[in-house]
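To start, the structure itself, in structure tokens.
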Amino acid sequence: MTPKSIAFIRTFLIFSIVFIATEITVPGEDFAFKQAPVATFLSIVLLALVIGEKLKEATEKLYTDHISEKERAEYYAKKEKKRIKNWKSLWMILSNIKPLSEEESIELDHDYDGIKELDNDLPPWWLYGFYATIVFALAYLGYYEVFGGPNQKEEYHEEVVIAQKEIEAYKKNVKPINFESLANDANTMSKGKKLFKQNCAVCHMVDGRGGIGPNLTDEYWILGGGIKNIYNTIAEGGRDGKGMIAWKNSLSTEKIQQIANYVWSLQGSKPAKAKGPEGDKWVE
């Protein structure tokens with residue numbers, strides 16, 4: 001193997017090991033050989049190749065360290081010739097090409113202005129690949145049309161049933177948001193204030209009076225007031241094409257709850273230099 005191919009294998013192996021290690025350490029998930037059997041198999045094969053190459057290099061070094069410079073040079077020259085010959089032999093087998101010395105045996109009788117044509121067979125790699133597609137087509141036809149394999153609609157409905165089960169399992173493990181219990185929680189309010197200063201004050205100002213974004217202290221709201229609407233606006237973002245981003249992509253549900261409670265607590269605070277009303281007056 002060439003140094004470049006070894007380097008490629010090592011790089012791919014490192015990424016594969018990292019991937020497998022990540023899969024194994026995810027809590028509640030199956031091991032990598034169940035989640036990604038192909039990647040696991042390839043990683044094992046590549047690891048075996050690298051180990052084998054290293055053992056071969058070590059054995060070769062032990063041998064070449066105990067011979068003269070001339071013998072070492074001859075050894076590596078023979079090795080290079082053998083490598084080139086092996087690749088050529090493999091190519092000849094895969095392509096079924098006749099050597100130049102044997103081309104007369106496959107010349108066709110006719111010629112065009114002295115140009116002769118050879119009757120070469122199709123390359124085996126192409127021919128067997130074509131046969132493989134025929135076998136696959138027959139197996140596919142038999143499975144889906146003869147033995148009643150599931151069609152696209154049936155597969156879709158199966159996926160819907162699986163998704164519904166996963167949703168039900170998710171709902172059992174996730175507690176609903178109790179905004180009322182969080183509204184008077186001092187710890188939640190303190191964390192929400194800190195998060196608001198870090199992420200929201202740049203547009204709404206520290207006291208919520210409004211800047212680039214609207215005033216959060218009055219009773220007028222663009223996307224609806226009330227703790228639930230505020231939570232949804234923070235999580236899903238503002239109006240399409242303008243307004244703030246969807247913070248659900250960068251903040252956890254708990255942190256969005258804390259910010260929403262703090263924003264709702266700013267109602268009626270009447271800060272100085274507050275921005276004018278925007279949107280509609282909210283009535284609970």
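No donor-acceptor pair under 3.5 Å is formed between the side chain of N232 and the backbone N or O of K228. Proximity of a side-chain donor or acceptor of E71 to a complementary backbone N or O of S68 within less than 3.5 Å is detected. A distance-only check finds a donor-acceptor pair linking the side chain of Q267 to the backbone of D218 [under 3.5 Å]. Between the Q164 side chain and the V161 main chain, no donor and acceptor come within less than 3.5 Å of each other. A distance-only check finds a donor-acceptor pair linking the side chain of H204 to the backbone of P214 [under 3.5 Å].
Below 30°, between 30° and 60°, or above 60°: for F130 and W126 the angle between ring planes is below 30°, a parallel geometry.
To the nearest 0.5 Å, atoms CD1 (I245) and CG (N199) are separated by 8.5 Å. Here N261 contributes atom CG and L266 contributes atom CG; the two are 11.0 Å apart, rounded to the nearest 0.5 Å. Annotation: the span from E254 atom CD to I259 atom CD1 amounts to 11.5 Å, rounded to 0.5 Å. The CD atom of E74 sits 12.0 Å away from the CD atom of E69 when rounded to the nearest 0.5 Å. With rounding to the nearest 0.5 Å, the separation of CD in Q257 from CG in L195 is 12.0 Å. For the atom pair CD (E219) and CG (D280), the distance works out to 12.0 Å, reported to the nearest 0.5 Å.
No continuous path of hydrophobic side-chain contacts links M205 to M244 [ILVMFWY only; heavy atoms under 4.5 Å]. Tracing side-chain contacts under 4.5 Å through hydrophobic residues (I, L, V, M, F, W, Y), one never reaches W247 starting from I222; they form parts of separate clusters. Two different hydrophobic clusters hold I227 and V283 under the rule that ILVMFWY side chains link at heavy-atom gaps under 4.5 Å. The cluster map of Ile, Leu, Val, Met, Phe, Trp and Tyr, joined by side-chain heavy atoms under 4.5 Å apart, puts L223 and V263 in different clusters. Hydrophobic clustering (side-chain heavy atoms under 4.5 Å, transitive across Ile, Leu, Val, Met, Phe, Trp, Tyr) groups W125 together with Y128.
Here the closest non-hydrogen pair linking K275 and N215 is O-ND2, 3.2 Å. Between T217 and S269, the shortest heavy-atom contact is CG2-OG, 3.3 Å. The two residues G279 and Y220 have their closest heavy-atom pair at O-CD2, 3.9 Å. Residues E154 and G149 share a closest heavy-atom pair of OE1-O, 4.1 Å. Heavy-atom minimum distance, P271 versus D207: CB-OD2, 3.4 Å. A pairwise comparison of heavy atoms in A272 and R209 identifies O-CD, 3.1 Å as the closest pair.
Applying the under-4.5 Å side-chain rule to Ile, Leu, Val, Met, Phe, Trp and Tyr, the cluster around I212 consists of that residue alone. Other cluster members for I167: none, since no ILVMFWY side-chain heavy atom sits under 4.5 Å from it.
In this structure, L138 and I134 have side chains that are in contact, with non-hydrogen atoms separated by less than 4.5 Å. Looking at heavy atoms from C-beta onward, I230 lies in side-chain contact with W221 at the 4.5 angstrom threshold. Looking at N229 and W282, their side chains come closer than 4.5 Å, going by heavy atoms from C-beta outward. Counting heavy atoms from C-beta outward, P150 and Y143 have side chains that approach closer than 4.5 Å. In this structure, F196 and L216 have side chains that are in contact, with non-hydrogen atoms separated by less than 4.5 Å.
For E155, the CD atom counts as densely surrounded, since its 6.0 Å shell holds more than 12 non-hydrogen atoms of other residues, nucleotides or ligands. Within a 6.0 Å radius of CD in Q152, no more than 12 heavy atoms belonging to other residues, nucleotides or ligands are found.
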side-chain contact (heavy atoms from CB on, under 4.5 Å) evaluation trace for L141 with F147: CA-CA 9 Å; L141 181 68; F147 299 106; over 6 Å; no
